[in-house]
Every structure is written in structure tokens, then in C-alpha cells.
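Note sheet for the following structure.
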Amino acid sequence: MKVGKVIKVSGPLVVAEGMEDANVYDVVEVSDNKLIGEIIEMRGDKASIQVYEETTGIGPGDDVYSTGSPLSIELGPGMLEQMFDGIQRPLEALQAKAGDFLLRGVSVSPLDREKRWDFVPTVNVGDEVSEGNIIGTVQETTVVSHKIMVPPAVSGKIVEILPGYHTVDEIICKIETDDGIKELNMIQKWPVRRGRPYSRKLDPIRPLVTGQRIIDTFFPVAKGGAAAIPGPFGSGKTVVQHQLAKWADAEIVVYVGCGERGNEMTDVLMEFPEILDPKTGQSLMKRTVLIANTSNMPVAAREASIYTGITIGEYFRDMGYSVALMADSTSRWAEALREMSGRLEEMPGDEGYPAYLASRVADFYERAGYVKCLGEDREGALTVIGAVSPPGGDISEPVSQATLRIVKVFWGLDYALSYRRHFPAINWLNSYSLYQDKMDKFMDESIDRKFSAHRIQSMALLQEESNLQEVVRLVGRDSLSEADQLKLEVAKSLREDFLQQNAFHEVDTYCSLPKQFKMLNLILGFYDEAKKALDAGVYLDEILKIESREGITRSKNISENELEKFDELFETVKADIEKLISEGGNSNA
Ligand code: ADP
Ligand code: MG
């Protein structure tokens, strides 16, 4: 290890001289406390280092050791059900070792070195293998089989393979390569700023089903896609992120809490073990990795937490899994970039953010994807969903703009909606999904052939509503024809009975695609029947008074295993309206 000396400390930024042999992005240890940092700029022999821990007490003259390697994490069994900090230190083990306060310079192995995993080989001595090939599996949790893969850039013939119980750092396989024998254990070290390789990117074709109606039906994100959810404080970003972490049909969830309140991560830790995955019947933590760099933790590590999270996501993608990563909030990461840039006295760009903000944001989201993995014929997906917190909710600011240029799905949270307690407060008039066409095809083929037609008709009604409301504001509701007033009623029903979804209601918190379809089918079915009645001369008031409309309002709480109730409900609506037609159809004629 080469040694340099600290000459200046400014918050998380430490400048050291005598570092001529070091490189940008090398990890260094600062002072005898061995605080972890990363070189972010080199000028001559002077290195500017962002330190991932509190720098109080560090001063000129302290030693700086360069490790000569970039910031890397350990990938292998033992990540699921864990909560790590931004540089992959397991928080529980860290606290056990250091207590609540003094977390500085404590080194704890990211992966448990004691635990033994039952390694079951899937290859034999003599087999030829190359990068990405699966050589065996470990049942990491009750729901996830962890594939042990040949690391990138290794290939050759298996000369020894050792089934049975091993710790992560014991040799389990020896491969004869062109450069001699390569010994493998269950750990892959990977530099977090570099995307993990795959064979090629594929066009996303399937939706990530989230169980959230406004998302799945109107603004779907594809498996392997990227979405952003900007919104002002209190508009529901975190609730949406938590809902996705709970209900999205991903096999692995990586949740990065970046610069937000620590109690939100505690909530996840308390809640997730209790919630059972509807598919597996097992606790949600069994498929989840948490990364916490909350507001009370060092600012510089926010960036590391984002990269650590996405690298873990890519690693599970490489196994052939569908992974969903949520980052809450990417704005806090951008603010950390801005702070470091300011301390480095770089030329500021828009609103003080560094000029490279947009390319950093793009690099992050571009690591999402649906891919053909290295190795055997298998596909994996990494879907990325980033929360953005624009000050005052104004998305013309640089972080929102940089994000919107790269993601294909925009869920715009709206202060006015959240103020009216319309949740999720996603504005249906300005949100969009560029995956819509492909997802329509999937929905029509696998849920109902009328799915996309219903979606289009519903969105048209919602858009018409906003135009009609303008007219109502100007000249009053009575100036509208009964047909237009009916449209307003149906749009209201779409908003209140379909779009609004209570994250905290036992049934309503999750809504399957078939149920989403049936709900729309019911609302639009009422609309069709009501139009017939208007045509037959029934007064709109009479139609709106039918008792079975109550059932539409309550339909969101019909449980998933009683979906046949929707058909019964529709039959009653139809009968009620037919009765009106036969009774008084000519009263209005
Ligand atoms: P943000 O992260 O944007 O600051 P939060 O996600 O913390 O906002 O949401 C603020 C509050 O809004 C929540 O505590 C909750 O009361 C309410 N809320 C948000 N989304 C929903 C939802 N889908 N269902 C019910 N309440 C919600
Ligand atoms: Mg929040």
C-alpha cells in the first residue's frame, strides 16, 4: 500500500499529497482510523478523496493508504434479507461490532464468513465452462436459488468441483484455464461503477406487474425498463416505491434508501418480514436486499449506495432473474454530487449541479435492461424505478430533466391530487409510458382481448373530463347535454373507483390484472347501459340513482378469489337500467 499525507479536509472531501501512483476511483483508507474513501480527482500528486464516513478528527499530516483498486463489492450468497450501508457493510453486524454511534472505520465482511451453504454442483469434472455458465446452486433463502456462475473473463475445463457445505470463501471449484488453474469460491468481487457484462440487450416485452391500477393499466413499466417518479414532498413517492417493492412481480427486489428519513427504512425492515408474497406464501424479505444510506448517514456514500444497489441487481439479473430496483431518492444522490463538485471548486452547471450530472444519471438508468445473459441460454431483467424530489415539485429543474431524458416511463405526482387525498397522486393527464404499445399486446393476449380498448376508452373519457370541466367552470354544468354530464359521471367513477387506490387497505393495496380489467369493464359497462337508457329517453338523474351503482364504488374491495362477483354486479346494473327503460323510457321522450 502506497502512503500519502492529508493536506486539507473540507467536510467529506479530503485532499492528500504524495499520491502520484494512485488513480481516479481508487479506494483509499484515510488515517489510522482507516476511513473508506474514493479518489474522485487527481492533479499531479494531489488526490481529492470523497470519504464515505464522518471526517471529524481527521487533519493535515494524517496518512492515506491507497488500495490500488476501485470501489468494489462482494457478490455471493448471503445478500438477501440483509440491510447494507452504501459501501456494503451489513448494518446489523456493524452495529453489533461498533454500537449505534461509532461506525467509523469499522470493517465487517459484506458477506458472512462463518455461514455454510450447501453447494450443489450442476457441472462435472471434465466439463468445459466459460463466463456466465452456472456451475452449481445454493438455496440462499426458501424462495431464491442462488446460481453460482463462472466469473466474467474466465473459461476452461473443470478439474475439481466440491459439493456440500462451504463458507463463501472456501474453494468450491478449480478450472484449468489457458493461464493455469483458476480456483473459484462463491464470491465475485465487482467494481460498482462498471456495469456487469451480458450477452446482448433484448426488447422488453412483458410488463412488471405492480398491482397498482394506474401504473399497470395506464402507465406500465416493462420488465427491464426504467421509470421515474418525481413529486414534491408528501406527494407519495415513498409510498409508491414501497408498494412496488412489496407487490411487483419481480423475483428479486433491491431497495435503495438514499438520503431520505431513516425511519422509512426501519418501516420496511419491520413490515416486510410480516408480509407474505402472494405467489410463494413466504415473507417478502426472502427476496429482498436493502441498501440504506439515510439522511443521518454520510452524504458522500449516497453515490456509492446507488452503485452498490444496481450492481447487486445486475448480479441477480445475470442468474436469469427478474429484478426490480427502487431508489428513493435519486435527487439526494444528485445533491451529494453537487456538494462534492462545489467543494472541488468545479465549474458549476445548471443550478450549481456539475456539468456531468446528466451523464451520471443516464449511466445509472442505462444499467436497467432485459438481457440475454452470459453463459447458458437464459434471460434476465433489471427494472429500475427512481424517485425524484424536485424542490417545490417543479420538474423543470436539472435532476428531473436529466432523468426524463433517459427513462421511458414518467409517473408524475401532483401536489393538488395528494392535497385532495387522491392517492396514488399520479397525474393521469401528463404521465406517460413509452412501453404502452408492447404492453397492450401482452395485456390483450394474456388478460383479455378488450384490455387495451378499455384502457384507451377510459383515458379518452378522463381527457374529455378535463375539457368538459373547463366548460363547466365557464358556463355551469346545466349547459352540458345529458350525454356530456354522463361522461363526467363516468370519468368521476374512473377516478374515484379505479384510479384511487389505498395502499393501506388490506384488499385494495394490491389489484391483479384480471381484477383491473374487470373493474374497468364494470365501469365502462355501466356507461354503455346508461347511454342506451339516455337514448331511450330516461332522465340522467334516474340512471344515476340506481342502487347497484353503490356496488361499482365498492368493487375495489372485492377480494381476488371472488372475481366472479364482478359479473353478478354487472348483471344487476344491467337489470336495473333495463327496468328504467321499460318503466319510464318514454317519460322523457
Ligand atoms: P413523499 O415520499 O413524496 O414525500 P410519502 O410517500 O411519504 O411522500 O407520502 C406521504 C403521505 O401520503 C403518506 O404518509 C400517506 O399518508 C399518503 N399516501 C401516499 N400514497 C398513498 C396511497 N397510495 N394510499 C394511501 N395514502 C397514501
Ligand atoms: Mg419520501
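What you see below is based on every heavy atom in this structure, not just the backbone, and it leaves out hydrogens, waters and symmetry mates. Values in this document were obtained by computation on a predicted structure and should not be read as measured data. Whatever order the structure lists ligands and atoms in, that order sets their numbers, starting from 1.
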Taking atom 8 (O) of ligand 1 as the reference point, the nearest protein heavy atom with its distance: Gly236 N, 3.0 Å
Near Phe233, which atoms of ligand 1 are under 4.0 Å from a heavy atom of that residue? 4 (O)
Any protein heavy atom < 4.0 Å from atom 18 (N) of ligand 1: yes
Would you mind telling me if ligand 1 is within reach of the side chain of Pro232, the backbone, both or neither, using heavy atoms under 4.0 Å? backbone
Report yes or no: is the cationic atom of Arg206 (NZ for Lys, CZ for Arg) under 6.0 Å from the centre of the six-membered ring of Phe442, at an angle within 45° of the ring normal? no
How are the rings of Trp428 and His422 set relative to one another: parallel (under 30°), tilted (30 to 60°) or perpendicular (over 60°)? tilted
Ile385 and side chain to side chain contact (heavy atoms under 4.5 Å, CB included): which single residue from Val409, Val407, Leu325, Leu208 fits? Leu208
Part of Gln501 within contact of ligand 1 (heavy atoms, under 4.0 Å): backbone
Separation between CD1 (Ile49) and CE (Met340), nearest 0.5 Å, reads 9.5 Å
Would you indicate whether Phe233, at its atom CZ, is surrounded by more than 12 heavy atoms from other residues, nucleotides or ligands within a distance under 6.0 Å? no
What protein heavy atom sits nearest atom 11 (C) of ligand 1, and how far off is it? Gly234 O, 4.3 Å
How are the rings of His242 and Phe272 set relative to one another: parallel (under 30°), tilted (30 to 60°) or perpendicular (over 60°)? perpendicular
Take the angle between the ring planes of Tyr307 and Trp333 and call it parallel below 30°, perpendicular above 60°, tilted in between. perpendicular
Could you work out, for atom 16 (O) of ligand 1, the closest of Lys237, Gln212, Arg421 by heavy-atom distance? Arg421
Number the atoms of ligand 1 from 1 as they appear, then name those within less than 4.0 Å of a heavy atom of Ala503, with their elements. 22 (C), 23 (N), 24 (N), 25 (C)
So which protein heavy atom does atom 22 (C) of ligand 1 come closest to, and at what separation? Phe423 CB, 3.3 Å
Does the ring center of Trp411 lie less than 6.0 Å from the ring center of Phe219? no
When you compare the side chains of Glu397 and Ser400, does any donor N or O come within less than 3.5 Å of an acceptor on the partner? yes
Those atoms of ligand 1 less than 4.0 Å from some heavy atom in Phe504: 15 (C), 25 (C), 26 (N), 27 (C)
Starting from atom 14 (O) of ligand 1, find the nearest protein heavy-atom neighbour and note its residue, name and distance. Val239 CG2, 4.6 Å
Verify the distance test for Thr238 against the Mg ion (ligand 2): any N/O/S atom under 2.8 Å, yes or no. yes
re atom 7 (O) of ligand 1, the protein heavy-atom contact at minimum distance is Thr238 CB, 4.1 Å
